[in-house]
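Chain identifiers are assigned alphabetically (A, B, ...) following the order of the sequence lines, protein sequences preceding nucleic acid strands; residue numbering begins at 1 within each chain.
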Number of protein chains: 2
Amino acid sequence: MTKPPVTSEPRPEAVLSRRDRVREATLTEIKSIARRHLVEHGVAGVSLRAIAREMGMTAPGLYRYVPGIDALLVAITADMFEELADTVAAADASAPPQDTDLRLHSALRALRSWAITHPAEFSVMFGPSTRLDPEADISPALEAARRFASTFFALCDRLLQEKDIPLPADEEIGPELTAELRSFADTVGLSAHVMQTGAALMLTRCWIRIYGVVCMEVFQHLGFAVNDMEPFFEAELQNLMTGLGVRYLPVEHMGRPVTGTAG
Amino acid sequence: MTKPPVTSEPRPEAVLSRRDRVREATLTEIKSIARRHLVEHGVAGVSLRAIAREMGMTAPGLYRYVPGIDALLVAITADMFEELADTVAAADASAPPQDTDLRLHSALRALRSWAITHPAEFSVMFGPSTRLDPEADISPALEAARRFASTFFALCDRLLQEKDIPLPADEEIGPELTAELRSFADTVGLSAHVMQTGAALMLTRCWIRIYGVVCMEVFQHLGFAVNDMEPFFEAELQNLMTGLGVRYLPVEHMGRPVTGTAG
DNA sequence: ACGCTTAAGTGAACACCGTTAGCAAACACT
DNA sequence: AGTGTTTGCTAACGGTGTTCACTTAAGCGT
């Protein structure tokens, strides 16, 4: 870089050379097409050959950008977690910073919203990994999932600080559960407040229930008998909030529903 | 059948001709091998060609028995629901008929037990259907799933008859939820007791939560941070039972754990 | 017991899939 | 201009679901 850039580039595009830029663009295109195929034909419909065909090139050429189909699926899964994290964070940020209750409602409803509008994505993110080789390296997706979870961790942290959440006492939790909760708290790196065993238990319990309703809705397990699962989600949300000592905020009282980055 | 059977056959094998019998045996063999491949290599590892290869025949020959891979997968899914239903029913029956509390504990623990010992099966039964054509006819599996659910419906029915379960009042449920609950109750054909809106809500809420914990465990979503999910399951079970006004029975007090038909 | 009907199974073919190896062209940089 | 790297291609191997035409075998009625 002896010559200064003459072209009117606002940012020097980091330190990426032109080559690296087009390379990155190609990778983005690959992932974008893969994502579309995922949405349109399900995870089974994502294939390197089809992607290459649509890009006007051949399948082996894609191996210059992606080590294989599994890695590509992991990569787009990570992207989707990132997107979901953004959506949830945006919903969280759309509420007044002090109104922790509303922020929590907002974030959880944004999660459900995104899930039901992105069933194919949600399935590969939160369903069983049926397509990937069990020995595939899924760490990129895990990393992104961590960032997604952190929004909720932060909210729970605030909640524990502000309110007097009724937590189960350490004595009544049981040694095995305590051990698992400690392991969990250590691995995900919970903050001091959530580090309490009772708080960690409360957190996982809430997550399990949210996960349950949303999975049930997206995977269509009551689809044959139920048209709209929203009332069930809201019922669960209400029950959850009540158990947390937080007042439940119905949808009507929330103003315009929050729309995330994609919706 | 002019000649009486000389061979020592206890039963006349229904009205099936010899031809139909070997045909049925072949179909059973196909499904059995498919099931094994499912367990050993995941749902993606089930293929007609591999099954045929193992049976010493060619793939097109299988089309005399099964209309395609999708129908085969649906068929074994139905079988698996049948098996799970048997397992749960056996656990239920292993408790004293009058002890509804214990029967419920037993049945739910049997469900989890079967799920974690049969993750591949559980994934195709309760996870998103990623492999099947969305237009595939899954009614056989649905029918079997209904029979699986009926065990729990019966238990809830008993519970509602015996105890004074604290049910949410009709007024506080909300019109949309009421409508969905009615639709649900009608479709699955709940008995008179569970027909009450509050009871149906309680039932679905419980099911959602059980579904949530078990899915979370089988799909390994906390697997990176938690070794054993049993304490979480038991915590959820306890919380659930308490909410139902039923006393929670810890595992230790239950005697030898119940083993189902497979496991 | 013989002939006819029907079912079972095969081989070839088509259209897909992931992946590897070897090669030619384009590009960046000295 | 020459050199080395990057990119993309073709060919090929082994795998998949599925259809079609065909042969073989079994069962059934007379």
Spacing between A:D133 atom CG and C:dT19 atom C1', to the nearest angstrom: 14 Å
Value in whole Å for how far the C1' atom of D:dT7 lies from CG of A:L27: 14 Å
B:T58 side-chain N/O to C:dG9 phosphate OP1/OP2 under 4.0 Å: no
Closest to side chain of B:P60, choosing from C:dA21, D:dG8, D:dT18: D:dT18
Nucleotide nearest A:R23 (side chain, heavy atoms from C-beta), chosen from C:dA12, C:dT19, D:dT7: D:dT7
Distance in angstrom units between A:E29 CD and D:dG8 P, rounded: 10 Å
C:dT20 OP1/OP2 closer than 4.0 Å to side-chain N/O of A:Y63: no
Within residues 65-72 of chain B, residues whose heavy atoms come under 4.0 Å of DNA chain D: B:G68, B:I69
Check: A:F184 ring centre within less than 6.0 Å of B:F232 ring centre: no
Side-chain polar contacts of residues 65-72 of chain B - donor-acceptor pairs under 3.5 angstrom, sequence neighbours left out - could you list them?
unit_1	atom_1	unit_2	atom_2	d
B:D70	OD2	B:D133	N	3.0

Residue-level proximity of residues 40-54 of chain B to DNA chain C when a heavy atom falls under 4.0 Å: B:R49
Distance, rounded to the nearest Å, where A:R21 contributes CZ and C:dC27 contributes C1': 15 Å
